[in-house]
Amino acid sequence: MQIVVLAGGVGGSRFVRGVRSAYPGAEVTVIGNTADDITLHGLRICPDLDTMTYALAGAIDPERGWGLADEGWKVMAELQAHQAEPTWFNLGDRDIATHLIRTQMLAAGYPLSEVTRALAQRWLGADSPVTLLPMSEDRVETHVRIRDEHSPSGQRVVHFQEFWVRLHAEPPVLGVVQVGIDEARPAAGVLETIAAADLVLVAPSNPVVSIGPILAVPGIRDAVRAAPAPVIGFSGILSGAPVLGMADKLLPAIGVEVDAAAVGLHYGSRHADGVLDRWVVDSDDAASLARLHRGGLDALAHPLLMTTPELTAAFIRAAVDHTPGDDALAS
Ligand code: GDP
Ligand code: CA
């Protein structure tokens, strides 16, 4: 069984661990978001790809929820002593090794997919059942247009990382732009893997800055629409709020309500112009099933907290095994 998962970082990696638990024998290909990527201190950093790799390796720091366990911060402290900007983005000593290797390989001409494979090999081994592909080899970066009373125009554009890490998603958001998306091409293997999949899953990752950019790479959305496999998506919005992160600040800026059904309808049904066959909402959002059905989506409600891989696996299996029209049983 070949499973393709579209995914971002923290939420995406929890989901993929659930996929592994639900289908231990399956070959899983993760198409990861690279629109969070940024260059800092001369290092190319791919936060979502690294979160995925570290999490699948069981090496993620459990308290922080991102970055490596057993991490040190000596390089960061030294950069701060130099007042080397930016000082707001934390880079652990062990994590920096990842970025050094990536930066060197990219400079030597390797495409990001090869770099990602090499880094995954160190963490997951050569015969890992999970393959991680970046959505694109090309540079795409999410920028956020925020309100800023101090600038003459009353607004300012910042990199997504500055918005999230430095500004804590506090300034009002006026717009979201994926710089470079129109010229980006799907990474090697992405379209072929989607076409060959037995199952395509859209993780409950951020719809605006994780899943949005993946689907916006020209060719990927069409490949998902044309996939022979069922396409099932999962809501990261539960009872009108994201479980973590800043999706609630970004969704209104793209005209989507912070609501599980609204996100499903935003992705849309493959019977219309969308990408999904089925959308899964949390049990507490079961009242929105009728709205989803009216929008042409097969939908079910199930507890969606990814507290453990086993609980995550349970809702993934329930979604895959769901019989359309059988909502009463599932919820
Ligand atoms: P990021 O790249 O690290 O921001 O992570 P993702 O984009 O992959 O995932 C972030 C999204 O995952 C957020 O919008 C969360 O609401 C969602 N999320 C996090 N934990 C859970 C959970 O336990 N259940 C569900 N359904 N969604 C979750
Ligand atoms: Ca991310």
Side-chain angles (χ1 to χ4, degrees), residues 1-9 11-13 15-16 19 23 26-37 46 48-49 52 111-117 120 129-142 178-236 254 256 263-280 295-298 316 319-320:
M1 186 177 184
Q2 297 195 30
I3 304 177
V4 166
V5 185
L6 311 189
S13 60
F15 183 78
V16 172
V19 173
Y23 302 102
E27 281 177 40
V28 180
T29 302
V30 177
I31 299 175
N33 172 46
T34 57
D36 283 9
D37 296 6
C46 300
D48 285 3
L49 298 182
M52 185 64 68
L112 183 60
S113 56
E114 294 276 343
V115 178
T116 305
R117 195 213 318 251
V130 182
T131 304
L132 177 57
L133 295 177
M135 67 188 198
S136 177
E137 325 277 8
D138 300 314
R139 205 158 154 156
V140 177
E141 290 186 1
T142 299
Q178 261 93 39
V179 179
I181 198 84
D182 294 337
E183 295 80 40
R185 292 148 302 167
V190 165
L191 300 183
E192 296 81 349
T193 312
I194 294 171
D198 300 300
L199 179 62
V200 177
L201 302 175
V202 179
S205 291
N206 192 308
V208 187
V209 293
S210 293
I211 303 299
I214 299 172
L215 290 171
V217 173
I220 295 188
R221 188 187 172 80
D222 287 345
V224 173
R225 282 183 51 73
V231 183
I232 307 177
F234 298 80
S235 182
I254 64 160
V256 179
V263 173
L265 295 171
H266 165 66
Y267 290 140
S269 160
R270 287 209 285 180
H271 296 303
D273 292 331
V275 294
L276 297 175
D277 298 315
R278 186 171 300 162
W279 180 243
V280 189
L297 278 170
D298 172 29
I316 294 167
V320 172

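Computed from a predicted structure; not experimentally measured.
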Problem set entry | Gap separating the CG atom of L215 from the CG atom of D222, nearest 0.5 angstrom | 10.5 Å
Exercise. In Å and rounded to the nearest 0.5 Å, what is the OG1 to CD distance from T34 to E141?
Worked result: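 Atom-to-atom, T34:OG1 and E141:CD are 9.5 Å apart.
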What residues, two or more places apart in sequence or in another chain, satisfy side chain to side chain donor-acceptor pair (under 3.5 Å) together with [X]?
X: E114; value: R117
X: S113; value: E137
X: D48; value: N33

Exercise. Between V320, V28, D198, which is the residue that forms a side-chain contact (heavy atoms from CB on, under 4.5 Å) with Y23?
Worked result: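 Looking at V320, V28, D198, the match for Y23 under the side-chain contact (heavy atoms from CB on, under 4.5 Å) is V320.
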Problem set entry | Residue pairs fulfilling side chain to side chain donor-acceptor pair (under 3.5 Å) with at least one residue in residues 179-195, sequence neighbours excluded |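 Non-adjacent pairs meeting side chain to side chain donor-acceptor pair (under 3.5 Å): D138-R185.
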Exercise. I31 and I194: side chain to side chain contact (heavy atoms under 4.5 Å, CB included), yes or no, with the steps?
Worked result: CA-CA 9 Å; I31 299 175; I194 294 171; 3.7 Å; yes
For this session: Kindly indicate, with the supporting measurements, whether the criterion side chain to side chain contact (heavy atoms under 4.5 Å, CB included) is fulfilled by D37 and L112.
Result: CA-CA 11 Å; D37 296 6; L112 183 60; 4.3 Å; yes
Problem set entry | Residues in side chain to side chain contact (heavy atoms under 4.5 Å, CB included) contact with A216, at least two apart in sequence or another chain |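 With sequence neighbours excluded, A216 shows a side chain to side chain contact (heavy atoms under 4.5 Å, CB included) to I181, given in chain and number order.
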Exercise. Would you call the rings of Y267 and W279 parallel, tilted or perpendicular, where under 30° means parallel and over 60° means perpendicular?
Worked result: perpendicular
Exercise. Can you list every salt bridge (Lys or Arg N to Asp or Glu O under 4.0 Å) pair that touches residues 263-280, not counting sequence neighbours?
Worked result: R270-D277, R278-D298
Exercise. Going through the distances and angles, do V202 and V224 end up as a side chain to side chain contact (heavy atoms under 4.5 Å, CB included)?
Worked result: CA-CA 10 Å; V202 179; V224 173; 5.8 Å; no
Exercise. Quick one: are S205 and F15 in side-chain contact, heavy atoms under 4.5 Å?
Worked result: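 The answer is no, as the side chains (C-beta and beyond) never meet within the 4.5 Å cut-off.
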